[in-house]
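Contents: one structure, followed by commentary.
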Amino acid sequence: MRLSQLFGKTQREIPAEADTISHQLMLRAGMIRQLTAGVYSYLPLALRSLHKIEDIIRDEMNKAGGQEICMPVLQPIELWEKSGRGASFGQSLFRLFDRKERELALGPTHEEVITDLVGRSVQSYRDLPLLLYQIQTKFRDEPRPRGGLVRVREFVMKDLYSFDTDAEGLDINYQKMIAAYKNIFSRCGLPVIIIEADSGAIGGKDSNEFMAVSEMGEDEIIYCESCGKAANAEKAQSLKVKADNSSPLPMEEVATPGYKTIEEVCRFLKINPVNTLKAVFYMADNEFVFVCIRGDVDVNEVKLKNMLHCVDLRMATEQEVAAEGIIAGFASPIGLKNVKIVADESVASGTNFVAGGNKNDLHIKNVNYPRDFKADIVADIALAAAGDGCTECSAKLLATRGVEVGHVFKLGTFLSEKMGAFYIDANGESKPIVMGCYGIGVGRLMAAIIDINHDDKGIIWPQNIAPYQVYVCPLFLEDTRVAEKAESLYKELENMGIEVLYDDRSESTGVKFNDADLLGIPLRITVSPRSLEKGCIEVKWRSEKKAELVPVDEAAKKIQEMLTVK
RNA sequence: CGGGGUGUAGCGCAGCCAGGUAGCGCACCUGAAUGGGGUUCAGGUGGUCGGAGGUUCGAAUCCUCUCACCCCGACCA
């Protein structure tokens with residue numbers, strides 16, 4: 001490809017809208033262009049890389065026994081009502097009406113469609129196991145798209161769905177997919193860590209995420225260096241510091257004039273947050289919930305939501321709190337009636353806590369659970385934090401951020417039951433198909449790859465997914481020797497089946513080199529009068545500083561060798 | 001949805017406070033010189049000033065409404 005003909009120009013200045021590296025580089029390299037919030041056009045360079053990523057994914061999916069299919073983006077809303085997940089996707093589901101006023105959704109994912117499809121096709125255990133996948137555009141009306149391709153509303157995703165007769169079969173396929181994913185990310189030049197995850201709106205039991213560790217990541221990862229355990233902060237468990245455990249004393253009122261927050265109360269009473277209980281108020285599907293948790297620990301809303309089995313969870317407003325007769329700032333679970341109380345396990349982790357007095361300017365000392373109040377539910381709803389102890393080995397946990405590039409779920413049978421996907425087993429009994437689903441965000445993956453593989457000059461493509469392998473860069477094109485040699489080398493390499501980007505522009509040396517660095521093509525070939533004098537051309541890896549002189553006659557062969565070996 | 005910010009040429013920005021013929025840099029076009037890391041000079045093309053309404057002799061500028069985009073939060077496979 002001649003650079004002068006390539007659609008998509010490089011830009012020197014960073015568009016103001018981009019503040020993550022991958023977004024900036026993709027815009028500057030002329031790879032993508034935003035149409036509206038979270039919706040992008042992919043220009044040739046980006047599309048070439050995307051296709052390469054897709055081909056790697058395809059290859060690994062096929063090797064694992066997957067069969068590729070294509071499913072509708074337009075999906076009748078009834079399908080979502082049937083699975084019950086329309087509600088959990090909520091506002092994120094793009095909805096539209098056809099001319100007959102029938103409601104449709106733009107598919108945010110394809111579990112419903114495929115379960116319906118497979119349910120109609122599969123009849124016998126002999127038809128299972130079955131692995132089907134698709135690489136397609138999906139739509140989600142995200143509240144806030146961000147980070148360029150990291151979170152968008154229209155995006156290409158690979159989803160594989162596994163169908164088994166039983167949990168053992170699912171386990172096998174689950175492990176098979178994890179192995180395939182490791183291959184995929186490694187072939188893409190992206191180091192990932194596998195962490196435990198919450199399964200969210202998708203539902204299901206076991207769930208793991210593949211995270212690219214990166215500052216631009218939206219997810220917080222809590223991990224243990226000593227034993228290797230790692231989990232999404234939404235899911236992570238941890239050992240909290242020990243609270244006071246002296247023998248329980250009688251409750252005692254204490255005046256705390258105007259001291260409402262945990263810090264204020266602690267400073268005033270000269271105690272530690274670990275020895276306090278705090279109250280947080282939520283509305284769970286319009287039911288008021290009083291959450292009680294130790295003062296030094298924060299509520300993990302994902303855990304809380306899962307525990308309450310609710311669709312919508314939000315903090316209660318001041319009015320809603322007041323309507324329950326609760327005095328914010330001095331709230332107490334003691335003596336509360338007709339309110340659902342959820343306590344974190346941490347409330348039972350010590351004795352003689354300071355809690356609210358449910359009257360203005362009053363707190364109560366020596367509060368003990370369950371002596372002084374009862375909770376409807378006691379569970380782990382605590383947010384794990386860096387510095388907490390690992391539940392496996394007690395070492396101090398660390399935190400980092402990551403981009404979720406892949407996510408695998410054991411769905412089990414809840415979808416197949418709802419959607420009516422059953423098979424007949426060897427005994428002639430009808431049973432629900434056991435499902436798993438395995439996703440990779442392709443565009444986001446490309447962004448993560450760029451984020452990991454760049455320097456201050458630009459992208460450094462891993463060879464496998466680079467849009468082109470070789471950048472032929474003639475200097476001083478007016479020199480006919482240069483022009484002829486560059487041109488012939490370009491054609492020769494192309495004839496050898498090598499993907500070449502040929503910078504045929506009459507730009508200055510600096511411009512060309514800087515664009516070459518920005519675009520990040522792995523191998524740069526410089527053709528110049530200086531090296532031609534010596535009968536050579538220069539070959540340089542994007543990832544390395546030094547160039548190598550190669551005799552002109554051997555150039556093409558040598559380049560081919562370099563590309564093969566690397 | 002709450003908070004903050006920004007909309008002026010393909011990109012980055014100034015002009016707005018104090019109303020008076022729309023500017024600068026990059027990019028693009030023409031020409032010349034130069035040229036191994038965004039070189040220089042000269043000339044040139046390109047703008048519904050996000051949109052609508054209002055005030056005014058006159059609005060990028062003041063007022064009202066509105067839309068879009070970005071950031072933080074909420075939310076989110």
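Quick note: numbers below take in every heavy atom, side chains included, and nothing from hydrogens, waters or symmetry partners.
- Annotation: C49(B) and C24(B) have their C1' atoms spaced 15 Å apart (nearest Å).
- Searching all strands for a Watson-Crick or G-U wobble partner of G31(B) with both distances below 3.5 Å returns C41(B).
- For Ala16(A) and Ser531(A), each mapped to the nucleotide of RNA chain B holding its nearest heavy atom, the one lying further toward the 5' end belongs to Ala16(A).
- Looking only at distances, a side-chain donor or acceptor of Lys512(A) sits under 3.5 Å from a matching main-chain atom of Asp503(A).
- Between G38(B) and Thr509(A), no contact under 4.0 Å exists linking OP1 or OP2 to a side-chain N or O.
- Separating the C1' atom of G50(B) from that of G7(B) is a span of 6 Å, rounded to the nearest Å.
- A close approach under 4.0 Å does not occur between any side-chain nitrogen or oxygen of Arg144(A) and OP1 or OP2 of C75(B).
- Both Arg153(A) and Lys540(A) sit near RNA chain B, but only Lys540(A) has its closest nucleotide nearer the 5' end.
- In terms of phosphate contacts, Gln34(A) brings a side-chain nitrogen or oxygen within less than 4.0 Å of OP1 or OP2 of C70(B).
- In this structure G10(B) sits in a base pair with C26(B), meeting the Watson-Crick or G-U test at under 3.5 Å.
- For the C1' atom pair drawn from G47(B) and U8(B), the interatomic distance equals 8 Å after rounding to whole Å.
- Partner of Glu196(A) under the side-chain hydrogen bond (donor to acceptor under 3.5 Å, both in side chains) criterion, out of Lys235(A), Lys229(A), Gln237(A): Lys229(A) alone.
- G23(B) and C29(B) have their P atoms separated by 23 Å, with the value rounded to a whole Å.
- The partner of C49(B) cannot be assigned: no Watson-Crick or G-U wobble pair with both contacts below 3.5 Å exists in any strand.
- Taking atom P in both A52(B) and C67(B), the straight-line distance is 15 Å, to the nearest Å.
- Formation of a donor-acceptor pair under 3.5 Å by the Asn300(A) side chain with backbone atoms of Ile381(A) is not found in this model.
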### Task
Decide yes or no on side chain to side chain contact (heavy atoms under 4.5 Å, CB included) for Tyr181(A) and Met61(A), but give the supporting numbers first.
CA-CA 9 Å; Tyr181(A) 273 34; Met61(A) 290 299 104; 3.9 Å; yes

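- Rounded to whole Å, the separation between the C1' atoms of G12(B) and C72(B) comes to 24 Å.
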